[in-house]
Every structure is written in C-alpha cells, then in structure tokens.
Amino acid sequence: MNAIEACSTFKMPLCDCLLVLMADRKSLPQLCSLINQTPDWGGILPLANAGINPALAEEQGNSFIRHPLWGNDLFGIIKLRNLAQCLGQLDFVFIGDLGNPMMRHFSQIAEARELVVLDDGVATLQFVQWRNAAKWGTDRRRLKKQAGLFLKRHVLGLKDGFPQRLTFYSVYDVHVPEHDRLVKNSYDYLRSRAEAKTPDNGIYFLGGPLVEAKILSEYEYFWHLRKVEEYFSGSKIVYVAHRRESAERVNRIGRSLGWEPRLFDYPIEFQLAVVGQRPEALASFISSALENCKAIFGSLLPIYSFRFAPEKFLLNGTPRGHGIQTLFDRYESLSDEYFKVIKLNS
C-alpha cells in the first residue's frame, strides 16, 4: 500500500516498477488481494518464503517465476544478487522493512540513485530513533540464528549493514539526521479515492494481537473492550480482527459483547478508501492505522484511541509499558476535533 503511494509521490508509474515480495503466511492473503487490485506493476518477483502462487506472477506477466526449491532464505540472497546485476542502474529502491536483513542486503548491492524506506507502522519511529543515535538495536538473536547469520554473511555474501543515506517516506513528522531526508506521505492516492466513498452506519473497532504480544493479558483485553462497549453504548460495533489474532478469541469477543467480527482482505486504510464504505467512526487502542486514517480521511472520519487504564495494565511502569504510554502520548499530541484520545479508568 505504501509502495503504491510512494510510486505516486516520486512520479514512478507502476508499469516501470518491479515489486519484490517477502511475506509470511499470515500476510499472504492481504498481499494477494492488493496485487489483484493493482495489476499494473511492471513485474512481480516473489522472494524467499513469500509463498505466492507462481501463477499469480505469471498473470502479471513476470518472468521471475518462483520455484519450490527457491523457498529458502539462502537462495533468496543469490536471487537478489542476480536481480541487482540484471537490473543495473535504478532510480529508486523502496524497502518496506528496514529491520529485515534481506531488504538491507538488496539496498547495499543495487545501484540506485536513492534508497527510500517506507513506513513500517510504529516501528518507523524506533528506526528513526536508532538512526539519530547512530546505532541499531541490541542483537538478541538466539545462538542458532546467530550461526545462520554468520553463514549467510561470510559464505553467501549477505550485506546487511545499514546504508549511509536514507530517505524516510513517512506519515510521521519525525526529525532525521542531516545525512538522511524525510519525504512526507500525505496519502494523496488514497485520499483521492476516499472522497468518493459514502459513510455507512456503525463503528469499526480495530483489534490487535495485544494478548499474543503480551502487551495485555486476556483478562485485561476483555476488560478494556467492555469499557469501549460502555462508551459507545447503543451503537453497532464491528470488530475488525487482526490477521495475527486468535480466531477463537475473536469469536468469543463477538459473542461476549454482541459485536460483529469481521476480517478484511485488505489493510484497513485501503479497505475504507478504495474497496468498501467507511464507517461513521473508527476506534482502537494502539494501531498505526489510526494515524494513517487521520491523514487519509481528515474530517470525513472521526477516530478514537482508547488509552489503557493504568491500574488494568500490568506492564505499566515497566520499560515496555513506558513505550506503549509514549505512543498514547503521541496520540494526545495529535488530538483534535476528529481525532480523540479517551482515557479509561476502572
């Protein structure tokens, strides 16, 4: 989705761009849906572990067809090296995850005039913080992972260092070092599509894998959801499930609160702006989609962030809990008539 916006901002027609995909199993359905909605790419290369059906690449007229034997990361390094040699001089390389060694590898070996880092949710804020500190996060990989990385670096030639110059293409108004630059993502493409959509009844609440990520216990998560139910008392609420949430828990949420669980085929920003109607309001606890939708819809869509009650948040007071509260502080700084932070109390 951000790649499409970047192509528009940097004046790069999709037909002149090669889309290189890396995805895990849970991200795959959304990626396939987005590709089907944007069929104009000059080519599609499913990389290691992408799991994309080769027929999809064939339909897009792509000559780089994934073979089952190429599903290992080791072969991905070789494919990227061959790809860089084949493509030669490039205007731009866009990467979607600065924390991914394979993406950093391609950014180092490709001959590109400019390297652009796309937004990766709130992880972008951490990337910029580390970039300003001139150091990366602590490497906490397990011994097996470290051994595999050593093999990839010293035997296969993986170059996963961090480039000297980066262009951050971001919705966030962040301060980057002097050797980097920031280009704001104003979501011009999605905003142009959103204006034509009509509103629908009901409120969409964006779920998240907060229990899976151990940010909230299951008890805490349900407690906070009930508080949201009280706030919107009498309103129809659709629970938009996250692809990494437990399906069983999502169904229990629907039964317990009387909400309608729903799982979309597209990222919520694309779903509301391009595919379907937008709700009368959008809500969540923490989600990068909240800021994105603020930029896309503006006054067309009221947005609510519900801040955790300190006494019902076991991480409160811990370093990890402080990071979560910092995100809520950020939302507070952005609050206005159409973007509100609701503090919950027990």
Side-chain angles (χ1 to χ4, degrees), residues 1-24 27-28 30-32 34-120 148-169 180 183:
M1 184 180 69
N2 284 327
I4 296 169
E5 289 287 353
C7 287
S8 175
T9 299
F10 290 90
K11 311 301 181 186
M12 297 289 294
L14 291 187
C15 61
D16 291 340
C17 299
L18 174 67
L19 182 66
V20 183
L21 293 175
M22 292 189 71
D24 58 27
S27 301
L28 182 59
Q30 282 193 345
L31 273 175
C32 289
L34 282 171
I35 290 170
N36 288 330
Q37 280 279 346
T38 53
D40 300 327
W41 292 98
I44 296 174
L45 170 59
L47 240 200
N49 294 331
I52 303 288
N53 188 330
L56 182 62
E58 291 171 350
E59 290 170 6
Q60 302 290 327
N62 179 28
S63 59
F64 299 95
I65 306 301
R66 180 180 184 270
H67 189 277
L69 293 178
W70 288 73
N72 190 284
D73 282 344
L74 301 181
F75 291 107
I77 296 171
I78 299 171
K79 284 183 85 172
L80 286 176
R81 184 178 63 208
N82 293 342
L83 178 63
Q85 294 172 352
C86 174
L87 293 175
Q89 183 66 45
L90 301 170
D91 291 320
F92 298 97
V93 167
F94 301 118
I95 62 174
D97 179 6
L98 188 59
N100 189 307
M102 297 287 282
M103 294 192 188
R104 296 200 304 274
H105 172 68
F106 188 73
S107 72
Q108 303 261 17
I109 62 176
E111 296 181 23
R113 179 167 56 86
E114 189 166 5
L115 174 62
V116 182
V117 181
L118 305 179
D119 263 344
D120 186 26
L149 193 57
F150 180 88
L151 173 67
K152 293 173 186 177
R153 285 172 176 168
H154 298 280
V155 177
L156 296 173
L158 176 69
K159 297 181 180 180
D160 62 334
F162 291 88
Q164 290 186 342
R165 290 179 176 83
L166 294 173
T167 294
F168 283 91
Y169 180 66
D180 292 340
V183 175

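All heavy atoms count here, side chains included; hydrogens, waters and symmetry mates do not.
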Chemist: Leu156 and Ile77: which non-hydrogen atoms are nearest, and at how many Å?
Modeler: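 Taking Leu156 first and Ile77 second, the nearest heavy atoms are O-CG2, 3.8 Å.
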Chemist: Gln85: which residues meet the side-chain contact (heavy atoms from CB on, under 4.5 Å) condition with it, sequence neighbours left out?
Modeler: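 For Gln85, the residues satisfying side-chain contact (heavy atoms from CB on, under 4.5 Å) (neighbours in sequence not counted) are Arg81, Asn82.
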Chemist: Counting N and O atoms only, with roles assigned by atom type, does the side chain of Asp40 sit under 3.5 Å from a partner on the main chain of Cys15, one being a donor and the other an acceptor?
Modeler: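 Such a contact is absent between Asp40 side chain and Cys15 backbone.
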Chemist: Look up atom CE in Met12 and atom CZ in Phe92, then write down how far apart they are to the nearest 0.5 Å.
Modeler: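 Nearest 0.5 Å value for the CE-CZ distance: 6.0 Å.
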Chemist: Any side-chain heavy atom of Val183 within less than 4.5 Å of one from Phe10?
Modeler: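 They are in side-chain contact.
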Chemist: CG/Asp119 to CG/Asn2 distance, rounded to the nearest 0.5 angstrom?
Modeler: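 Taking CG in Asp119 and CG in Asn2, the distance rounds to 5.5 Å.
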Chemist: What's the spacing between Leu87 CG and Leu80 CG if we round to 0.5 Å?
Modeler: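 Reported to 0.5 Å precision, the distance equals 10.5 Å.
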Chemist: Do other residues, nucleotides or ligands put more than 12 heavy atoms under 6.0 Å from Gln89 CD?
Modeler: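 Yes, enclosed.
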Chemist: Between Cys7 and Trp41, does a side chain to side chain contact (heavy atoms under 4.5 Å, CB included) hold up when you go through it step by step?
Modeler: CA-CA 11 Å; Cys7 287; Trp41 292 98; 4.1 Å; yes
Chemist: Please report the shortest heavy-atom distance between Gln108 and Lys159, naming the atom on each side.
Modeler: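 Where Gln108 meets Lys159 most closely, the heavy atoms are CG-O, 3.5 Å.
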Chemist: With a 3.5 Å cut-off and sequence neighbours excluded, list the donor-acceptor pairs that the side chains of residues 93-101 form with protein atoms.
Modeler:
| unit_1 | atom_1 | unit_2 | atom_2 | d |
| --- | --- | --- | --- | --- |
| Asp97 | OD1 | Gly99 | N | 2.9 |
| Asn100 | OD1 | Met102 | N | 2.8 |
| Asn100 | OD1 | Met103 | N | 3.4 |

Chemist: Please answer whether the main-chain N or O of Leu158 pairs with a side-chain N or O of His105 as donor and acceptor at a distance below 3.5 Å.
Modeler: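 No; zero donor-acceptor contacts below 3.5 Å.
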Chemist: Using side-chain heavy atoms (C-beta onward) and a distance below 4.5 Å, is Phe168 in contact with Asp180?
Modeler: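 Yes - at least one pair of side-chain heavy atoms lies under 4.5 Å apart.
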Chemist: Does anything in residues 3-21 pair up under side-chain hydrogen bond (donor to acceptor under 3.5 Å, both in side chains), and if so which pairs, sequence neighbours excluded?
Modeler: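 Output for this query lists Thr9-Tyr169.
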Chemist: Report all side-chain donor-acceptor pairs from residues 109-118 shorter than 3.5 Å, counting only partners two or more places apart or in another chain.
Modeler:
| unit_1 | atom_1 | unit_2 | atom_2 | d |
| --- | --- | --- | --- | --- |
| Glu114 | OE1 | Arg181 | NH2 | 3.4 |
| Glu114 | OE2 | Thr167 | OG1 | 2.5 |
| Glu114 | OE2 | Arg181 | NE | 2.8 |
| Glu114 | OE2 | Arg181 | NH2 | 2.8 |

Chemist: Starting from the C-alpha separation in whole Å, work towards a yes-or-no answer on side chain to side chain contact (heavy atoms under 4.5 Å, CB included) for Leu19 and Thr38.
Modeler: CA-CA 11 Å; Leu19 182 66; Thr38 53; over 6 Å; no
Chemist: Atom CD of Gln37 and atom CE of Met1: how far apart are they, to the nearest 0.5 Å?
Modeler: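 If we round to the nearest 0.5 Å, Gln37:CD and Met1:CE are 13.5 Å apart.
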